[in-house]
There are 2 protein chains.
Amino acid sequence: MRRNTTQRMAIEEVFRQNDRPLGVDEVLAYGRKLVESLNQATVYRNLKLLVDDGRLKRVTHPSLGTMYERTGKGHHHHFYCRACNHAYELPGCALNEDEIAPDGFVVEDHDVFLFGICPSCVR
Amino acid sequence: MRRNTTQRMAIEEVFRQNDRPLGVDEVLAYGRKLVESLNQATVYRNLKLLVDDGRLKRVTHPSLGTMYERTGKGHHHHFYCRACNHAYELPGCALNEDEIAPDGFVVEDHDVFLFGICPSCVR
DNA sequence: TTTTTTTGCGAAATCAATTGCAATAAAAGC
DNA sequence: GCTTTTATTGCAATTGATTTCGCAAAAAAA
Ligand SMILES: [Mn+2]
Ligand SMILES: [Mn+2]
Ligand SMILES: [Zn+2]
Ligand SMILES: [Zn+2]
C-alpha cells in the first residue's frame with residue numbers, strides 16, 4: 001500500500017506551487033527547499049509513481065528533454081522562453097485537427113510548442 | 001576541403017528518396033541499400049556535416065528523439081503514425097502565432113506535431 | 001511494537017553520440 | 001595515367017547524460 005511520505009508530498013507540492021512543466025532538476029531543486037534531504041533517485045522514483053497514478057504527465061521539450069506537469073488541466077499548449085528556459089502554460093487550443101491534415105489521416109492528438117521570449121525577459 | 005564520398009552522396013540520396021524526417025537508424029538502414037559498408041559513425045559524422053552545411057535540419061520527435069530532414073521546404077508540420085512510426089510531411093501552416101499566445105509573449109517560432117493513424121495503416 | 005514501504009547513497013546500467021586510429025579513397029598535381 | 005596528399009571511413013572503444021538499482025537505514029502505517 002502506498003504511503004504518504006514527506007518526500008512524495010513535497011514533490012506534489014512543488015508542482016502545485018509551480019504549475020508548469022518542470023524538469024527533473026527543477027523538481028529536485030524546488031523539492032529540496034521543502035525537504036532538504038531529498039535525493040535525486042527519490043525524485044525519479046516518485047515521478048514514475050505519480051505518472052503511473054495519473055497525477056503527472058510527461059512533456060518532452062525538443063532540447064530540454066523530459067519534463068513533467070500536473071494532469072487534469074485539459075488540453076493546452078506550451079510556450080518556452082529561449083532566454084530563461086522557462087516553460088509557460090498557454091490555456092486553450094485554436095487548432096482544428098480536422099483541417100490541418102489531408103484526407104485519410106486520422107488525427108488523434110497533437111502537440112504545439114511555441115518558442116520565443118517571455119514577458120519578463122522581453123524588457 | 002570537403003570531398004564527395006560515396007557515403008555522403010548516398011546519405012543525401014536517402015533523404016531525396018524518402019522526403020520526410022528520418023531517424024539515424026533509418027538513414028543507416030536505407031543508406032546500406034546504396035553502400036553496404038556504410039557505418040553508423042559515418043552516418044553520425046555526415047549528418048552533422050550536412051546540418052552544418054545547411055542541407056539538413058534536425059527535427060525532434062517527442063518520443064522517437066532526434067530526426068533529420070532536408071532543408072528548403074519552407075515552414076510545415078509533421079504527422080507521426082503511431083502504428084507504423086512513419087513521419088509524414090504536412091505542407092502549409094494554419095497557425096496564427098499572434099493569436100495563440102497572450103499579450104507580452106514574443107513568439108518567434110513554433111512546432112506542431114500531429115499524432116494518429118496514417119492512410120496506409122488505417123485499413 | 002511490528003511490518004513493510006520508502007529513502008539516501010553510491011554504483012551500475014542505458015542509450016545516444018563521439019573519438020582514436022589504421023586503412024581507404026577522393027581529388028589535386030604532375 | 002600515376003603519385004601524393006590528406007579528408008574520410010570502418011571499427012571498436014569511449015564518453016556523457018540520464019535513469020535505474022542494490023542495499024542498509026529510516027519512517028509510515030497497522
Ligand atoms: Mn502544461
Ligand atoms: Mn518536414
Ligand atoms: Zn491544441
Ligand atoms: Zn506552423
Side-chain angles (χ1 to χ4, degrees), chain A residues 1-15 21-69 80 82 85-87 113, chain B residues 1-15 20-69 80 85 87 111 113:
Chain A
M1 181 260 189
R2 190 142 294 166
R3 294 177 181 178
N4 289 321
T5 65
T6 54
Q7 288 86 347
R8 185 171 308 134
M9 292 187 294
I11 289 169
E12 291 222 63
E13 179 63 19
V14 164
F15 283 96
L22 300 175
V24 175
D25 289 349
E26 290 178 292
V27 175
L28 180 60
Y30 290 129
R32 280 189 165 153
K33 293 178 181 174
L34 303 175
V35 178
E36 63 178 328
S37 70
L38 184 64
N39 185 271
Q40 194 191 49
T42 302
V43 171
Y44 274 106
R45 283 188 280 234
N46 279 296
L47 289 175
K48 179 170 297 189
L49 290 177
L50 290 167
V51 169
D52 288 347
D53 293 351
R55 305 188 58 80
L56 295 181
K57 64 177 290 201
R58 299 171 75 118
V59 178
T60 304
H61 183 284
S63 56
L64 300 180
T66 304
M67 308 183 87
Y68 297 83
E69 68 171 8
Y80 296 98
R82 59 151 235 269
N85 270 330
H86 258 229
F113 303 90
Chain B
M1 182 258 187
R2 190 141 295 166
R3 294 177 181 176
N4 289 320
T5 64
T6 54
Q7 289 85 347
R8 186 172 307 136
M9 292 187 294
I11 289 169
E12 291 222 62
E13 179 63 18
V14 164
F15 283 97
R20 58 189 175 84
L22 299 175
V24 175
D25 289 349
E26 289 178 292
V27 175
L28 180 60
Y30 289 129
R32 280 189 165 154
K33 294 179 182 174
L34 303 175
V35 179
E36 62 177 331
S37 70
L38 184 64
N39 185 271
Q40 193 192 50
T42 302
V43 171
Y44 273 107
R45 282 187 280 234
N46 279 297
L47 289 175
K48 179 170 294 188
L49 290 176
L50 292 167
V51 169
D52 288 347
D53 293 351
R55 305 186 58 78
L56 295 181
K57 64 176 291 203
R58 300 171 71 117
V59 177
T60 304
H61 183 286
S63 55
L64 300 180
T66 304
M67 308 182 87
Y68 296 83
E69 68 171 5
Y80 296 98
N85 270 332
D111 284 357
F113 302 91

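The figures that follow rest on heavy atoms only: side chains count, while hydrogens, waters and symmetry mates do not. Just so we're on the same page: letters track the sequence lines, and every chain starts at 1. Everything numeric here is computed off the predicted structure, so don't read it as measured data.
- A 4.5 Å side-chain heavy-atom check between A:Glu69 and A:Leu56 finds every atom pair outside the cut-off.
- Atom CG of B:Leu28 is separated from atom C1' of C:dA17 by 14 Å (rounded to the nearest Å).
- The nearest whole Å value for the distance from the CD atom in B:Glu36 to the P atom in D:dC11 is 11 Å.
- Between B:Tyr80 and B:His61, the distance from one ring center to the other falls under 6.0 angstrom.
- The separation between A:Asn39 atom CG and D:dA24 atom C1' is 14 Å, rounded to whole Å.
- Nucleotides of DNA chain C nearest to A:Ala41 and B:Ala41 differ in position, and the one nearer the 5' end is that of A:Ala41.
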Any N/O pairs under 3.5 Å between the protein and nucleotides 26-30 of chain C? List them or say none.
unit_1 : atom_1 : unit_2 : atom_2 : d
C:dA26 : N3     : B:Arg3 : NH1    : 3.1
C:dA27 : OP1    : B:Asn4 : N      : 2.7

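- Side-chain atoms of A:Pro21 and A:Tyr68, non-hydrogen and from C-beta on, never get closer than 4.5 Å to each other.
- Taken residue by residue, residues 43-64 of chain A places heavy atoms nearer than 4.0 Å to DNA chain C at A:Arg45, A:Asn46.
- No side-chain heavy atom of B:Thr66 sits less than 4.5 Å from a side-chain heavy atom of B:Val24.
- For A:Phe15 and A:Tyr30, the gap between ring centers reaches or exceeds 6.0 Å.
- For B:Asp53, the side-chain hydrogen bond (donor to acceptor under 3.5 Å, both in side chains) partners at least two apart in sequence or on another chain are B:Arg2.
- Looking at residues two or more places apart in sequence or on another chain, you find no salt bridge (charged side-chain N to carboxylate O under 4.0 Å, His left out) involving A:Arg32.
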Heteroatom pairs (N/O) under 3.5 angstrom, protein to nucleotides 13-16 of chain D:
none

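- In this structure the side chain of A:Asn39 never reaches within 4.5 angstrom of the side chain of A:Val43, judged on heavy atoms.
- Looking at B:Glu26 and B:Arg20, a side-chain N of the basic residue comes within less than 4.0 Å of a carboxylate O on the acidic one, giving a salt bridge.
- Here the side chains of B:Arg58 and B:Met67 are not in contact, with every heavy-atom distance at 4.5 Å or above.
- Taking B:Arg3 as the reference, nothing meets the salt bridge (charged side-chain N to carboxylate O under 4.0 Å, His left out) condition, with sequence neighbours excluded.
- Note: CE (A:Met67) to P (D:dT19) measures 12 Å, nearest angstrom.
- Side chain of A:Thr66, nearest nucleotide from D:dT19, C:dT7, C:dC9: D:dT19.
- Rounded to whole Å, atom C1' of C:dG8 lies 15 Å from atom CZ of A:Arg8.
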